[in-house]
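This report refers to the structure that appears directly beneath it.
Reminder, nothing fancy here: chain letters follow the sequence lines and each chain counts from 1.
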2 protein chains.
Amino acid sequence: MTSGRASRDKIQEVGTSGPLAVIAGAGDLPLVVAEEVRGTGRELFVIEVEGECDADLSAFSRVRLPIGAAGRLKVLLQERGCRDVFMAGTFRRPRFSDIEWDMGTVKALSSIMRLKRGGDDKVANGVVRIFEGEGFRIVGPREVVPGFIATAGPLGSVRPERRARADIAHGARAIESMGHLDIGQAVVALDGRIVAVEAAEGTDAMIGRCAMLRAAGRIAAPSPSGVVVKAAKPGQELRLDMPVVGVETIRAAAEVGLAGIAVQAGSVLLPRIGEIRRAADEAGLFVVGVEIGGGPDRRR
Amino acid sequence: MTSGRASRDKIQEVGTSGPLAVIAGAGDLPLVVAEEVRGTGRELFVIEVEGECDADLSAFSRVRLPIGAAGRLKVLLQERGCRDVFMAGTFRRPRFSDIEWDMGTVKALSSIMRLKRGGDDKVANGVVRIFEGEGFRIVGPREVVPGFIATAGPLGSVRPERRARADIAHGARAIESMGHLDIGQAVVALDGRIVAVEAAEGTDAMIGRCAMLRAAGRIAAPSPSGVVVKAAKPGQELRLDMPVVGVETIRAAAEVGLAGIAVQAGSVLLPRIGEIRRAADEAGLFVVGVEIGGGPDRRR
């Protein structure tokens, strides 16, 4: 028995389920998660998704696979003894021409066909079903990086004033009533109006639009004013697709003269939360966790 | 009695209510409307709003006024015998520092204060109340340019295929369920997803965003695909604020590879409708009028 095996057995004793597989998409999140998990002592195995993963994960045990190589992925995970799978970062919807048609993929074809139409929630729920049907367990940020999840109350030293609190409440109501549409996770509210709604463009692009809105006179209030409100959708698959607010989001909001960011407590991921707190304090922005829609979905 | 007076009396005999005042904001619409009205033989008086009006209206009897010069506007309209007022084009929300504080403005102050917060609908309804309180009548496109309002069915020679018809239905449902939020008048629907929602940025900017979405892989379907669906909001003040789809909208949609545009029959303005039909046919796009939300609000 190697020392690696011995160490793995020891970890299993303290309650984990073998090495954690991290399927790495685009952005910084796979690296953030991998570093956090390594800090806990749990063994890691990283699968870099070709054409998506752009972080430097060379410090970790890893392989590179094309998207859709379902058969090879399954064999690799089984060989490594990985039952728990964490999907980190963003993944584009693959074009059919991008998919590597190995035998595992063909087997998953009927599931994939059902996913081809429909919003992100349907796709995420389908991905979970496919993995679980093969004996794996999809784990999410609540299990893997609980310290990076928003809690109720202000994160840094800046707190929302009365006007911003009204915008937070208005934005939260808008998000709640759009939830069933499987669209935006975020809006910008300002003085009783919703001036921007996120759909497929992503939160940072939506925030960036506020610069154009101010320049064109479509937002007349001087800055700082306006609040980003971001939440999960009802029934959103938070293990695979938890909304994220990162340092870049803080900087984008500061750049366009917004007053702050409100996130749904329990359901928004704040990776490298200490850096986010510092960036917000430096920019004079508030970041505050709020209860939205009766609080987070506790199932995941 | 001058010949001008005689001619005005003659027009009143055939059923109009004296000269039509056109308050001209930004864009091409004031010119389109003025030309149409002149074609009917009705007398016109154009008020160009300073800093907003950018069309060449030199062919018409006109004055230029700063926004918020309520007192001077009232006197001018009364001197010219204008009871009917048509507001054409777009108006930015004025900053308080832009308002000319004449006596009429001060009188309207309490009304304006009530308008300062709240969405477009509240502002529009407030503007109508202010004008009507002073004895004027706000008239809208249905009365002034009925030939430029969308009717049910295809406008040009291109018709939506089955996939586009499903997107139209999905987009229409999304708009209906967002109506009470006083936000978007338009969405882009594609293969069962809402990929863009309009808030304060305007329809053409929302459409332009689809180029970025395709480039970033957030829309994977090859073009032409995707449908703009545009409608009025429930209770929207259509006399002041009827949604508009113009030639520029057609060109924007063609440029980003959308399949077509669906507009709410009876509640969307298609200025220079013949040019819109030609532009759509040339671009291979459909423009189709559809019933949304139980049909148009017939009160206005």
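- Considering all non-hydrogen atoms of both residues, A:Ala200 and B:Arg193 come closest at CB-NH2, 3.9 Å.
- Counted within 6.0 Å of CZ on B:Arg159, heavy atoms from surrounding residues, nucleotides or ligands total 12 or fewer; the atom is thus considered open.
- Considering all non-hydrogen atoms of both residues, B:Ala174 and A:Leu181 come closest at CA-CD2, 3.7 Å.
- For the atom pair A:Ile219 CD1 and B:Glu201 CD, the distance stands at 10.0 Å (nearest 0.5 Å).
- Each of A:Ala196, A:Cys210, A:Ser177 has some count of heavy-atom pairs under 4.5 Å with chain B, and the biggest count is that of A:Ser177.
- With a threshold of 4.5 angstrom between heavy atoms, A:Ile194 approaches chain B through its backbone and through its side chain.
- Around the CD atom of B:Glu50, the shell of radius 6.0 Å holds more than 12 heavy atoms that belong to other residues, nucleotides or ligands.
- Looking at A:Ala205, the atoms closer than 4.5 Å to chain B (heavy atoms on both sides) all sit in the side chain, from C-beta outward.
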